[in-house]
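Predicted, not measured: the structure shown is a model, and the values here were computed from it.
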Amino acid sequence: MSTPSPGEPLRGSVVVPAHDEGTVIDRCLRALRPGDDLEVVVVANACTDDTAQRARAHGVRVVETAVPGKANALDLGDEACTAFPRAYLDADVTVDGDDLRRVLDVLREGPALAAAPRLRVDVSRSSWPVRAYYRVWTALPYVTDDLVGSGLYALSREGRARFGRFPAATGDDTFVRALFAPGERVSVPGTTFTVHPPRTLDALLAIKTRARFSVAEHDASPGAASPAAAPASAARRLLRRPGVWPSVPVYAAVGLLTRLRARRRLNAGAPAAWDRDTTSRTAPAA
């Protein structure tokens, strides 16, 4: 990978919000491979571990705050960054630095306003129900058709101008994706990013309840704009994939249970628990 000489413009910036991510921040930054052409800001928010120290060892800028919350961390990262396009990367997600640079180049060239690499889910350490769930989920149009979110998205300067500060809501991915029509966002061919899902069914139910809550919370907010649901399109897609049919009952059961849990939380007026998954934040066995 070539990097620009001193004085040449940056390819873009990356904001990495991180709350007690000492077990995964090295994995994230090693894959990213920060360089002179890429401005990386890790926002260590309300950390009680060594996240900040580990991040500094990679030569990136670290902003520390005692205030918890992802929205505040994203805002602080924005304030610290100087370049566009700008990517927002969860610390437990991995993306090859060259792939992310290609995504930033796509946004610089336009006309897309939001972009991300293609999603890959690493289920190698997950239990069979979790693998079954993601076998169906990754076949859905939501994932296969220009997904922007699920732990990584990038915005052009014009795209970022669509909103001010990040809302103090459960899901920033849900909020951001809803701002862009399908023609304004793109999943860049030939690039990937990797999500490391839960290892157990209980952990999967927890994070998917949080995800369902974020969608319901967004839809209930005044003036909310959400991508139109397309259950018929999803059904047609699955009908053409007989290999995933045995996994559909697991996917449906998880969807029903998490929808009920999320709706119960929303109706009770209770804030969503963060439902942090710790099972995917452990080092693989030697």
Side-chain angles (χ1 to χ4, degrees), residues 9-17 38-39 70-71 74-75 77-79 81-90 93 95-121 137-195 211-212 214-234 236-237:
L10 290 165
R11 300 275 280 276
S13 297
V14 185
V15 176
V16 184
L38 196 63
E39 178 183 48
K70 187 177 182 182
L74 291 169
D75 287 333
D78 264 338
E79 292 170 6
C81 287
T82 62
F84 281 99
R86 188 165 300 167
Y88 301 87
L89 172 66
D90 286 358
V93 168
V95 59
D96 180 84
D98 288 344
D99 282 1
L100 183 58
R101 287 166 171 86
R102 288 177 60 188
V103 170
L104 296 174
D105 289 345
V106 165
L107 287 172
R108 185 180 298 104
E109 295 164 3
L113 303 180
R118 297 286 175 89
L119 173 70
R120 173 180 174 268
V121 181
W137 187 75
T138 54
L140 298 176
Y142 170 80
V143 177
T144 60
D145 298 348
D146 292 336
L147 172 71
V148 172
S150 291
L152 171 59
Y153 53 88
L155 305 175
S156 67
R157 184 184 297 273
E158 182 182 353
R160 182 60 185 84
R162 287 276 174 96
F163 64 101
R165 297 180 70 83
F166 281 89
T170 307
D172 62 296
D173 290 355
T174 302
F175 167 76
V176 169
R177 187 174 188 271
L179 295 174
F180 302 98
E184 296 177 323
R185 62 179 188 263
V186 61
S187 182
V188 179
T191 67
T192 61
F193 74 102
T194 302
V195 170
R212 294 280 187 183
S214 74
V215 173
E217 182 184 46
H218 174 79
D219 290 346
S221 62
S226 293
S233 175
R236 287 194 297 270
R237 189 74 57 89

Problem - Qualifying residues under ring-ring contact (aromatic ring centres under 6.0 Å, His included), relative to Phe84, sequence neighbours excluded - result: none

Exercise for the section: Determine the minimum heavy-atom distance between Gly190 and Asp99, stating which atoms define it. Expected result: O-OD1, 4.1 Å

Problem - NZ/NE/NH1/NH2 to OD/OE distance under 4.0 Å, Asp105 and Arg102 - result: no

Fill in the blank from the handout: Taken to the nearest 0.5 Å, the spacing of Thr174 OG1 from Arg212 CZ works out to 11.0 Å

Exercise for the section: Measure across Leu10 and Ala83 and return the closest heavy-atom pair with its distance rounded to 0.1 Å. Expected result: CD1-CB, 3.8 Å

Handout entry: Closest contact, heavy atoms only, Ala87 versus Leu152
Key = CB-CD1, 4.3 Å

Practice task
Spell out, as yes or no, whether a donor-acceptor pair under 3.5 Å connects the side chain of Glu109 to the backbone of Val106.
Solution key: no

Handout entry: Derivation of the side-chain contact (heavy atoms from CB on, under 4.5 Å) call for Leu74 and Asp172
Key = CA-CA 9 Å; Leu74 291 169; Asp172 62 296; 3.8 Å; yes

Handout entry: Under 3.5 Å side-chain donor-acceptor pair for Arg118 and Ser187
Key = yes

Problem - N/O donor-acceptor pair under 3.5 Å between Asp75 side chain and Phe166 backbone - result: yes

Practice task
Let me see the working for Thr144 and Arg237 under side-chain hydrogen bond (donor to acceptor under 3.5 Å, both in side chains), right down to the final yes or no.
Solution key: CA-CA 10 Å; Thr144 60; Arg237 189 74 57 89; 2.7 Å; yes

Handout entry: Test item: Thr194 and Val95 side chains (from C-beta on) under 4.5 Å apart, heavy atoms
Key = no

Problem - By ring-ring contact (aromatic ring centres under 6.0 Å, His included) - contacts of Phe193 (at least two apart) - result: none

Practice task
Determine whether the side chains of Tyr88 and Asp173 contain a donor N or O and an acceptor N or O closer than 3.5 Å.
Solution key: no

Handout entry: Thr192 vs Leu119 side-chain heavy atoms within contact, under 4.5 Å
Key = no

Practice task
Go through the structure and list residues passing salt bridge (Lys or Arg N to Asp or Glu O under 4.0 Å) with Asp78, not counting sequence neighbours.
Solution key: Arg86, Arg160

Handout entry: CD (Glu158) with more than 12 external heavy atoms under 6.0 Å
Key = no

Practice task
Might you point out which heavy atoms bring Ala71 and Ala168 nearest each other, and give the distance in Å?
Solution key: CB-CA, 4.0 Å

Problem - Inter-residue atom distance Arg185.CZ - Leu179.CG, 0.5 Å rounding - result: 10.5 Å

Practice task
May I ask you to decide if Gly12's main-chain N or O and Glu39's side chain share a donor-acceptor pair within less than 3.5 Å?
Solution key: no

Problem - Nearest heavy atoms of Val188 and Ala115, plus distance in Å - result: CG2-CB, 4.3 Å

Exercise for the section: Before giving the answer on side-chain contact (heavy atoms from CB on, under 4.5 Å), spell out for Leu38 and Leu104 the whole-Å C-alpha distance, their side-chain angles and the decisive distance to 0.1 Å. Expected result: CA-CA 10 Å; Leu38 196 63; Leu104 296 174; 3.6 Å; yes

Completion exercise
In terms of heavy-atom contacts, Leu113 and Arg162 come closest through CD1-NH2, 3.2 Å

Problem - Nearest-0.5 Å distance, CG of residue Asp90 to NZ of residue Lys70 - result: 3.5 Å

Handout entry: Close side-chain approach of Leu155 to Phe163, heavy-atom, < 4.5 Å
Key = yes

